[in-house]
Student: 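Below you will find the structure I want to go over with you.
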Amino acid sequence: MKIILLYGGQSAEHEVSILSAFSVLSAVYYNYYQVQLVYITKDGQWVKGPVLTEKPASEEVLRLHWQEAGDTDQLIQPCQIKEDNAIVLPILHGPNGEDGTIQGFLETIDMPYVGAGVMTSASSMDKIMTKYILYAVGIPQVPYVPVLKNQWKENPQKIFEQCEGTLLYPMFVKPANMGSSVGITEANDRDELQQALNTAYCYDSRVVIEQGIEAREIEVAILGNEDIRTTLPGEIVKDVAFYDYNTKYINNSIKLQIPAQIPAEVQDKAREYAKIAYTTLGGRGLSRCDFFLTNKNELFLNEINTMPGFTQFSMYPSLWEKTGLPYGDLIEELIQLGLNQYKQKKGLQIDVDE
Ligand SMILES: Nc1ncnc2c1ncn2[C@@H]1O[C@H](COP(=O)(O)OP(=O)(O)O)[C@@H](O)[C@H]1O
Ligand SMILES: [Mg+2]
């Protein structure tokens with residue numbers, strides 16, 4: 001069977017996607033699968049690369065240059081990825097990848113794929129929408145104020161008052177549709193809030209301002225379609241207050257503590273919230289659910305990522321590894337879940353026809 005590995009992408013998380021894709025290629029079981037590389041360039045062109053039957057020598061193999069193309073690398077239309085007996089693995093993060101757009105495209109061309117569907121991807125990617133949905137099922141979240149760009153442009157004074165009336169400094173200002181901390185700034189006073197808002201609107205017209213809290217960061221890995229499994233939580237041990245893009249991917253200064261050293265009741269609660277959030281949002285395949293934990297052992301759900309970082313050092317595969325599911329087996333499970341999801345959808349369509 002063929003895995004069509006989609007990676008790169010137009011989002012700010014392009015590089016992260018390449019690292020994740022390389023890790024996948026290092027672990028996939030080549031005795032069962034061939035891997036077709038399909039690279040999405042930063043400007044949105046799709047490049048069909050070689051079919052790999054073994055682990056590539058380096059991550060450079062993934063950076064396809066169609067201009068210098070030999071026989072294999074070629075510029076294609078997205079729909080040309082379609083083929084039989086294949087499943088798409090979209091290792092894409094952020095907008096145009098993790099937000100339902102690629103998923104909708106794959107539904108349209110009728111290809112099976114790994115991971116969450118359109119609705120789940122879109123609503124989990126949007127930090128405001130996630131908050132609204134999870135509020136409805138009683139999941140605790142930090143206080144926040146959602147602000148659209150036109151509201152900010154029309155009346156900044158009103159937005160300052162609204163934020164300062166609801167939240168205390170420091171506040172965290174976030175574009176609703178981003179990841180990897182891109183566009184997120186901590187604001188400690190009104191001047192910084194103004195700057196932070198202007199920064200966030202460079203990335204999205206939807207912005208959320210959150211109460212900044214001092215907390216540990218706890219993450220739970222989720223796997224499954226109907227039968228949902230969760231891992232014990234892991235902790236991102238921070239030596240910085242704000243876990244920004246550089247800390248995450250450039251400095252490599254993050255330590256993962258698996259399992260997190262937290263009371264058993266807190267572990268259970270985090271897993272329960274993760275499962276409720278996943279089910280409510282209609283999760284399929286995988287997700288990573290991230291929490292803040294205060295020193296009073298209060299848990300707040302921060303976000304749910306439908307395509308979490310997938311390098312071999314990332315939290316999601318590491319959590320499964322420690323749970324007894326090595327990286328190669330994890331990919332295999334995800335493929336089977338994707339195929340089951342596709343078969344189930346087909347089954348439903350056939351039922352309706354009959
Ligand atoms: N309300 C908050 N209080 C304190 N720190 C925060 C808050 N929100 C975010 N952070 C910090 O910023 C990081 C990135 O925020 P997050 O909401 O997880 O965005 P992303 O989708 O980019 O991962 C978090 O991991 C955390 O370190
Ligand atoms: Mg995060």
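Numbering of ligands and ligand atoms starts at 1, following listing order.
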Student: Please determine whether a side-chain nitrogen of the Lys or Arg among E60 and R63 lies less than 4.0 Å from a carboxylate oxygen of the Asp or Glu.
Tutor: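 Yes, E60 and R63 are salt-bridged.
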Student: Would you call K131 and E210 a salt bridge, using N to O less than 4.0 angstrom?
Tutor: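 The answer is yes: the pair qualifies as a salt bridge.
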Student: Hey, does I213 come in under 3.5 Å of ligand 1, counting only N/O atoms on both sides?
Tutor: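 Indeed, backbone or side chain, I213 has an N or O that close.
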Student: Should the proximity of E303 to ligand 1, defined as any heavy atom under 4.0 Å, be assigned to the side chain, the backbone, both, or neither?
Tutor: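 Side chain only; the backbone of E303 stays clear of ligand 1.
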Student: Hey, does I184 sit under 4.0 Å from ligand 1 if you only count heavy atoms?
Tutor: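 For ligand 1, residue contact (heavy atoms, under 4.0 Å) with I184 is present.
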Student: Any side chain to side chain donor-acceptor pair (under 3.5 Å) pairs touching residues 105-119, not counting sequence neighbours?
Tutor: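 Qualifying pairs: E107-Y113, E107-K345, D110-Y342, D110-K346.
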Student: Closest heavy-atom contact between R271 and L232?
Tutor: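 In terms of heavy atoms, the two residues are closest at NH1-CD2, 3.5 Å.
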Student: Apply salt bridge (charged side-chain N to carboxylate O under 4.0 Å, His left out) to R229 and list each qualifying residue two or more places apart in sequence or on a separate chain.
Tutor: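 In terms of salt bridge (charged side-chain N to carboxylate O under 4.0 Å, His left out), with neighbours along the sequence ignored, R229 is linked to E333.
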Student: Is the shortest side-chain N to carboxylate O distance from K269 to E272 below 4.0 Å?
Tutor: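 Judged by the 4.0 Å cut-off on N to carboxylate O distance, K269 and E272 do form a salt bridge.
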Student: With only distance considered, is E217 within less than 3.5 Å of ligand 1 through an N or O on each side?
Tutor: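 It does: an N or O of E217 is found under 3.5 Å from an N or O of ligand 1.
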Student: Who's closest to atom 9 (C) of ligand 1 heavy-atom-wise, of K174, E210, K127?
Tutor: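 Residue with the shortest heavy-atom distance to the ligand atom: K174.
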Student: Strictly under 4.0 Å, does any heavy atom of F300 approach an atom of ligand 1?
Tutor: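 Not so, F300 does not reach ligand 1.
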Student: I need the atoms of ligand 1 closer than 4.0 Å to a non-hydrogen atom of N302, numbered in the order shown.
Tutor: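 Contacts of ligand 1 toward N302, numbered from 1: 16 (P), 17 (O), 18 (O).
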Student: Check E303 and report its N/O/S atom nearest to the Mg ion (ligand 2), by atom name.
Tutor: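 That would be atom OE2.
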Student: May I ask you to list the atoms of ligand 1 that are less than 4.0 angstrom from any heavy atom of Q211?
Tutor: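 Checking each atom against Q211, I get 1 (N), 2 (C), 3 (N).
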Student: Please check if any side-chain donor atom of E164 sits under 3.5 Å from a side-chain acceptor atom of Y169, or the reverse.
Tutor: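 Distance-only check passes for E164 and Y169.
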Student: So which bit of I236 gets within less than 4.0 Å of ligand 1, heavy atoms only: side chain, backbone, both or neither?
Tutor: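 Looking at I236 and ligand 1, no heavy atom falls under 4.0 Å.
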